[in-house]
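The structure appears below as structure tokens.
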Amino acid sequence: MNDTFRTLQDLLFAQPVWLQTIVGLALLGVAVVALHLLLRPVVLSLVKWLVDLSPIEWDGTLFDHHVPHRLSRLIPLLALRVGLPMVPGLSDGLTSFLTRLVSATMILVVARTIDALLSAAHSLYQRTEMAATRPIKSYVQLVKLVVYLIAGVFIIARLANQSPWFFVSGLGAMMAIILIIFRDTLLSLVASIQLSNNDLIRVGDWIEMPQFGADGDVVDIALTSVKVVNWDKTTTVIPTHKFLDNSFKNWRGMFELGGRRIKRAININISSIRFLTEEEIERFSQFVLLKDYIARKVAELQEYNEPYADDPDAIVNARRMTNVGTLRAYIASYLHNHPRIHQDMTVLVRQLAPNPEGLPLELYMFTNDTRWSQYEDIQSDIFDHILAIMPEFDLEVYQRPSGRDLGHGLGVRTDGGPHGLGVMADEGR
């Protein structure tokens with residue numbers, strides 16, 4: 001075997017120098033390609049076999065994020081780095097340049113391996129309970145950015161055959177340019193830290209930012225942007241630093257407290273508001289939801305009106321029950337007994353200032369189910385009942401008159417006439 005090797009060595013060195021260089025580079029290239037195509041898959045297969053046998057989970061995450069794959073690229077590069085000085089006939093300058101080029105490539109491979117390692121660590125963190133309230137994706141991206149910046153400095157220094165500190169010392173003069181180039185990144189970095197530390201936004205939060213057309217769930221919080229999937233299934237991407245410059249609404253508190261607000265008013269026709277008769281008071285006292293209210297109110301009014309009982313001229317000073325006040329009491333009792341209303345939160349029925357559209361009677365409450373579809377069902381059921389019960393109190397809901405209503409009011413026929421205008425009826429002539 002030694003004799004064969006010596007024979008090959010003698011044969012090789014017996015050739016011209018340029019031929020020795022070509023043969024040496026060819027042999028080195030074959031060795032590097034063999035390591036990359038043959039040895040590297042074997043190493044990865046062995047690692048995969050060990051990962052499958054291991055009872056722990058984090059090693060599988062490292063493999064899924066290609067940490068071993070990227071690290072294994074160092075094998076052929078190391079062979080190339082060691083073999084270049086052994087190639088005969090290469091000049092010192094060319095050997096030095098090729099060696100520095102390989103070293104710079106190795107630095108890039110190490111940086112990409114660290115990138116994959118950080119991604120794997122972030123993936124493991126997302127499986128913890130803390131990840132729901134403390135996202136760290138922006139921090140991971142920041143560390144990756146720093147890693148690539150450091151790697152870039154070392155790569156340039158290695159290619160230029162200079163100390164890394166030579167380039168670091170020159171960064172001060174370029175700081176203004178760097179600030180201009182990375183302005184948004186730096187602003188977003190500060191914003192990401194504040195958003196995370198103050199727990200202002202989490203993945204899964206429902207936010208509204210009308211100035212950016214965002215109204216939906218946050219699906220991703222990155223270093224430079226926040227991605228929102230709107231309810232119409234469109235996607236809005238908002239620069240992270242805009243959350244410090246603009247106001248936004250986060251609905252997370254509603255879901256955490258378990259109550260979703262209903263705030264809606266019914267406009268009552270003012271002309272239908274009147275005092276109750278004794279018969280109506282007696283009838284309302286039979287309502288389960290009004291029994292206690294009627295009894296308490298009747299006793300209160302009797303006590304108040306007692307000084308005016310014998311003075312007919314002073315009846316205008318007496319207090320009397322109204323149909324709208326009784327309706328308000330009925331609605332309040334109805335809501336306080338409703339199983340889908342959150343009783344630990346505000347339940348309020350109030351009158352707002354009268355306006356040209358009637359007397360607004362506003363309902364303010366919270367449902368105990370925050371899901372959208374259930375919330376809408378609860379709200380609709382409540383107002384269905386209130387609108388249906390109002391005739392019992394001889395009250396009318398205000399509704400703007402339509403052309404048909406005006407036509408009936410003026411005595412105009414709506415079923416004929418030239419040009420659809422109809423003709424005047426004979427009533428009242």
Side-chain angles (χ1 to χ4, degrees), residues 257-370 374-399:
L257 293 176
R260 190 163 184 173
R261 188 184 70 173
I262 296 176
K263 183 182 178 183
R264 180 183 290 183
I266 297 176
N267 291 323
I268 297 176
N269 192 337
I270 295 178
S271 63
S272 65
I273 298 176
R274 60 176 177 79
F275 293 116
L276 293 180
T277 64
E278 294 296 331
E279 292 77 11
E280 289 174 327
I281 294 175
E282 178 63 26
R283 180 168 65 88
F284 288 140
S285 66
Q286 305 302 316
F287 285 27
V288 175
L289 297 178
L290 285 174
K291 184 179 298 184
D292 294 338
Y293 168 79
I294 295 294
R296 184 179 68 255
K297 201 67 176 179
V298 168
E300 176 186 337
L301 295 182
Q302 286 178 348
E303 180 180 357
Y304 181 88
N305 294 332
E306 186 175 357
Y308 312 110
D310 299 328
D311 187 0
D313 296 332
I315 191 64
V316 293
N317 297 323
R319 291 173 57 190
R320 300 170 64 183
M321 297 177 64
T322 62
N323 57 351
V324 67
T326 306
L327 172 66
R328 182 162 50 85
Y330 173 85
I331 296 174
S333 179
Y334 173 75
L335 296 178
H336 280 294
N337 288 276
H338 199 290
R340 309 301 296 276
I341 298 300
H342 204 306
Q343 301 301 326
D344 294 332
M345 296 185 178
T346 304
V347 178
L348 184 66
V349 183
R350 62 173 183 166
Q351 289 185 15
L352 302 181
N355 56 58
E357 295 184 349
L359 175 68
L361 196 64
E362 185 181 76
L363 281 66
Y364 189 100
M365 59 205 146
F366 293 82
T367 64
N368 56 17
D369 195 328
T370 59
Q374 283 72 8
Y375 162 80
E376 294 293 347
D377 286 341
I378 296 170
Q379 181 174 237
S380 299
D381 289 343
I382 289 173
F383 281 90
D384 286 349
H385 178 80
I386 293 173
L387 292 172
I389 202 68
M390 286 185 66
E392 294 289 333
F393 297 84
D394 198 22
L395 288 169
E396 299 176 359
V397 178
Y398 174 82
Q399 180 175 306

| R340 vs N368 side-chain heavy atoms within contact, under 4.5 Å | yes
| message | With a 4.5 Å cut-off on side-chain heavy atoms, are I382 and M365 touching? | response | yes
| For P360 against A353, the heavy-atom pair lying closest together | CD-O, 3.4 Å
| message | Do Q302 and V298 have side chains that approach each other closer than 4.5 Å (heavy atoms only, starting at C-beta)? | response | yes
| said: Test your reading of the model: is there a side-chain donor-acceptor pair from N323 to the backbone of S272, 3.5 Å cut-off? | reply: yes
| So, do I268 and L327 sit near enough that their side-chain heavy atoms are less than 4.5 Å apart? | yes
| field | V288 side chain reached by N337 side chain, heavy atoms, under 4.5 Å | value | no
| request: Tell me yes or no: between the side chains of N269 and S271, is some donor less than 3.5 Å from an acceptor? | output: yes
| query | How about L257 and F366: do any of their side-chain heavy atoms sit closer than 4.5 Å? | reply | no
| query | Where the side chain of Q343 meets the backbone of L335, is there a donor-acceptor pair that is under 3.5 Å apart? | reply | yes
| request: May I ask you to test the F383-L363 pair for a side-chain heavy-atom distance under 4.5 Å? | output: yes
| salt bridge (charged side-chain N to carboxylate O under 4.0 Å, His left out) with E396: which residues, sequence neighbours excluded? | none
| OG1 on T346 to NZ on K263, rounded to 0.5 Å | 11.5 Å
| What distance do L290 atom CG and I281 atom CD1 have between them, rounded to the nearest 0.5 Å? | 11.5 Å
| Could you give the distance from CD1 (I266) to CD1 (I386), rounded to the nearest 0.5 Å? | 5.0 Å
| With sequence neighbours left out, what residues match D381 under side-chain contact (heavy atoms from CB on, under 4.5 Å)? | D384
| task | Using atom types as modelled and distance alone, determine if a side-chain donor or acceptor of Y375 lies under 3.5 Å from a backbone N or O of R261. | result | yes
| request: Locate the shortest heavy-atom distance separating I262 from T367; write the atom from each residue and the value. | output: CD1-CG2, 3.4 Å
| field | Intermediate values then yes/no, ring pair (Phe, Tyr, Trp, His ring centres under 6.0 Å), F393 and F284 | value | CA-CA 9 Å; F393 297 84; F284 288 140; 4.7 Å; yes
| request: First locate atom CZ of R328, then atom CG of L361, and finally report the distance between them rounded to the nearest 0.5 Å. | output: 7.5 Å
| said: Going by side chain to side chain donor-acceptor pair (under 3.5 Å), name the pairs with one or both residues in residues 288-298, residues two or more places apart or in two chains. | reply: none
| said: If you define the side chain from C-beta out and look only at heavy atoms, does anything of E280 sit under 4.5 Å from M321? | reply: no
| message | Testing the basics here: between P354 and I270, what is the closest heavy-atom pair and its distance to 0.1 Å? | response | CB-CD1, 4.0 Å
| field | Over all atoms of both residues, closest heavy-atom pair of R320 and L276 | value | NH2-O, 4.3 Å
| So how far is it from Q399 CD to N267 CG, rounded to the nearest 0.5 Å? | 11.5 Å
| query | Once you round to the nearest 0.5 Å, how far does NE2 of H338 lie from CD1 of I331? | reply | 12.5 Å
